[in-house]
S.K.: 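Can you read through this structure? Questions will come right after.
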2 protein chains.
Amino acid sequence: MVRTKRTVIERRSGVALWRQIADRMRREIGEGVLGSDGRMPPEVVLAERFGVNRHTVRTAIAALVQEGVLRAEQGRGTFVEGRKRLAYPIRRRTRFSEGLAGQSRGLAADLLDHAVEPAIADIAKALHLLPGAPVIRLETLSHADGRPVSRARSWFDAERFAGMAEAFGRTRSITASFRELGLADYLRHSTAVTARHAESGDLKDLRLSPGAIVLVTIAVNVDAQGQPVQYSETRFAADRIELHIPGGDDAVSV
Amino acid sequence: MVRTKRTVIERRSGVALWRQIADRMRREIGEGVLGSDGRMPPEVVLAERFGVNRHTVRTAIAALVQEGVLRAEQGRGTFVEGRKRLAYPIRRRTRFSEGLAGQSRGLAADLLDHAVEPAIADIAKALHLLPGAPVIRLETLSHADGRPVSRARSWFDAERFAGMAEAFGRTRSITASFRELGLADYLRHSTAVTARHAESGDLKDLRLSPGAIVLVTIAVNVDAQGQPVQYSETRFAADRIELHIPGGDDAVSV
DNA sequence: TTTAATTGTCTAGAACAATAGACAAATTAT
DNA sequence: ATAATTTGTCTATTGTTCTAGACAATTAAA
């Protein structure tokens with residue numbers, strides 16, 4: 001990543017100074033610009049650098065401490081708890097754990113909720129089903145290094161993948177669950193990426209502070225015959241994950 | 001895009017209520033949830049829905065009017081000016097104008113600035129040059145439908161593509177400029193995507209309000225022999241553009 | 001024309017954010 | 001042991017944001 005200019009803190013922008021500073025420090029920590037030695041500059045120095053009062057910086061630091069990014073010790077200083085952003089490769093055939101393996105430990109996925117429901121238009125279309133056909137919805141949360149990195153909502157044809165929720169709850173893996181249900185392999189058909197502010201539910205699950213950004217991917221997986229098997233919307237904590245799209249093999253058109 | 005729950009407006013979050021509401025309305029307008037008929041609900045209704053005072057909603061609307069997303073007419077109502085997000089496809093052969101052709105008119109790219117400078121480590125590495133080797137830096141701004149959509153910073157080997165700035169200033173196209181300089185074709189080698197709050201420079205160029213989000217892509221283009229020809233960092237206005245990756249993969253596949 | 005619906009403007013007070021200064025408490029260096 | 005450095009706590013003041021209410025101005029409908 002290349003950075004040249006100095007972000008100016010904006011007043012009267014509807015975003016409190018402490019929040020702008022917190023967001024910026026979080027980013028710079030992720031980029032290694034700040035606290036690369038694990039230690040943050042003293043509050044007075046940061047206040048000077050951002051052109052604000054020391055108390056304002058303290059509020060920002062308190063937010064990052066709350067988030068688990070920083071740790072403050074009286075008399076000693078403030079230290080970095082989090083680490084650099086993980087690179088998440090988006091390829092035709094990539095699986096969560098393979099993608100992050102080697103960069104992090106403690107990979108895990110939790111099943112938060114699941115339900116069978118009628119497919120709304122978007123999902124029916126993506127899965128090549130009739131609107132209203134029963135689909136299984138899975139709400140999952142993925143961790144790396146003990147920190148939550150993504151929150152996903154996936155839909156599957158309830159007829160073809162009847163035991164999906166049960167299998168995922170046990171295996172904690174989509175790939176493994178598919179295999180149990182007779183699908184040996186699958187490919188990514190399409191992925192749309194956008195970004196927005198995290199919503200309150202995601203703030204909680206991903207342990208973010210208000211104003212934090214999520215990268216959102218909308219993806220469709222297909223089986224070897226090109227039949228859609230999974231539709232999903234995933235929210236990544238933008239300050240913990242970076243999506244990588246290698247330009248390798250040619251792609252199926254949309 | 002699928003949405004189930006109702007985003008709660010967060011108080012004491014460091015983000016002013018009017019800004020949270022503005023951000024959310026901008027997003028819902030982009031998704032067609034709000035103002036799909038071109039008309040916004042009355043202020044009183046919006047205030048009720050968000051659980052805030054009418055004046056707070058008015059501040060949010062004023063920001064979106066300033067941004068060009070809404071237009072308010074006394075006695076008549078408030079109307080949508082902007083339109084849905086454009087899809088920007090990222091493929092092996094990614095071209096700006098081809099990508100957005102058919103979705104919008106008035107495509108244009110402006111050259112804001114250019115310079116020859118020594119390559120810093122990141123860029124030298126990406127372009128397979130020695131650190132400090134001369135590179136051309138181009139600062140460009142792209143529009144669609146008369147609205148700015150992306151702001152890019154690109155680097156090229158100054159030796160191989162000596163006339164790049166002049167050619168781009170004239171042709172307003174990277175593809176055309178490459179062709180003039182003897183490069184008939186190029187491919188996308190890699191793309192990294194992340195997201196963050198827009199910085200003050202981009203706020204101005206992309207005509208965004210503070211707190212707005214930009215999608216950032218770091219891309220490397222290569223020639224037919226695999227030799228890197230361009231390194232670029234592009235910031236897209238996240239509420240105007242959605243990146244589309246045919247045949248990618250994402251996080252649910254644990 | 002009258003009425004209803006809607007945006008625009010004004011005033012005043014309450015809640016929140018930022019500044020300023022002083023000093024306490026803990027740690028490290030001299 | 002003493003001094004310097006650094007985070008933690010407290011009080012007071014000022015500016016910004018949010019709420020509340022009233023009413024004007026404009027448009028469209030009855």
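Model, not experiment: these values are computed from the prediction. Just so it is clear, the values below take in all heavy atoms, side chains as well, and ignore hydrogens, waters and symmetry mates. The chains referred to below are lettered A, B, ... by the order of the sequence lines, with proteins before strands, and numbering in each begins at 1.
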S.K.: In terms of side-chain geometry, is the basic nitrogen of B:Glu117 or B:Arg153 positioned less than 4.0 Å from the acidic oxygen of its partner?
M.R.: no
S.K.: To the nearest Å, how far apart are B:Phe50 CZ and D:dC18 P?
M.R.: 14 Å
S.K.: Any ion pair linking A:Glu199 and A:Arg151 (charged N to carboxylate O, less than 4.0 Å)?
M.R.: no
S.K.: Within this structure, what is the CD-to-P distance between B:Gln74 and C:dG8, rounded to whole angstrom?
M.R.: 6 Å
S.K.: Give the rounded distance in Å between these two atoms: CD1 of B:Ile21 and P of D:dT17.
M.R.: 14 Å
S.K.: Could you give all pairs that pass the ring-ring contact (aromatic ring centres under 6.0 Å, His included) test and reach residues 25-48 of chain B, with sequence neighbours left out?
M.R.: none
S.K.: Would the distance check show the side chain of B:Glu242 and the main-chain N or O of A:Ala192 forming a donor-acceptor pair, the cut-off being under 3.5 Å?
M.R.: no
S.K.: For B:Glu43 and D:dG21, give me the distance from atom CD to atom C1', rounded to whole Å.
M.R.: 15 Å
S.K.: I'd like to know if A:Asp23 and A:Arg27 make a salt bridge, using a cut-off of under 4.0 Å between side-chain N and carboxylate O.
M.R.: no
S.K.: At under 4.0 Å, does any side-chain N or O of A:Arg58 touch on OP1 or OP2 of D:dT7?
M.R.: no
S.K.: Can you measure B:Ile61 atom CD1 to D:dC18 atom C1' for me and round it to whole angstrom units?
M.R.: 16 Å
S.K.: Return the value, rounded to whole Å, for the distance between atom CZ of B:Arg76 and atom C1' of C:dG8.
M.R.: 16 Å
S.K.: Figure out the CG/C1' separation between B:Leu70 and C:dT6, and round it to whole Å.
M.R.: 15 Å
S.K.: Taking only residues two or more places apart in sequence, or in another chain, which ones meet A:Arg58 in a salt bridge (charged side-chain N to carboxylate O under 4.0 Å, His left out)?
M.R.: A:Glu43
S.K.: I want to check one thing: is the phosphate of C:dT6, taken as OP1 and OP2, less than 4.0 Å away from some side-chain N or O of B:Thr78?
M.R.: no
S.K.: Spell out protein contact along nucleotides 16-21 of chain C as letters: B when the base is contacted, S when just the sugar-phosphate is, - when no protein heavy atom is under 4.0 Å; keep the 5' to 3' order.
M.R.: SSSBBB
S.K.: If you measure from the Lys or Arg side-chain nitrogens to the Asp or Glu carboxylate oxygens, is any gap between B:Arg172 and B:Asp110 under 4.0 Å?
M.R.: yes
S.K.: May I have the distance from B:Arg71 (atom CZ) to C:dG8 (atom C1'), rounded to whole angstrom?
M.R.: 17 Å
S.K.: Among D:dT27, C:dA26, D:dT6, which nucleotide has an atom closest to any side-chain atom of A:Pro42?
M.R.: D:dT6
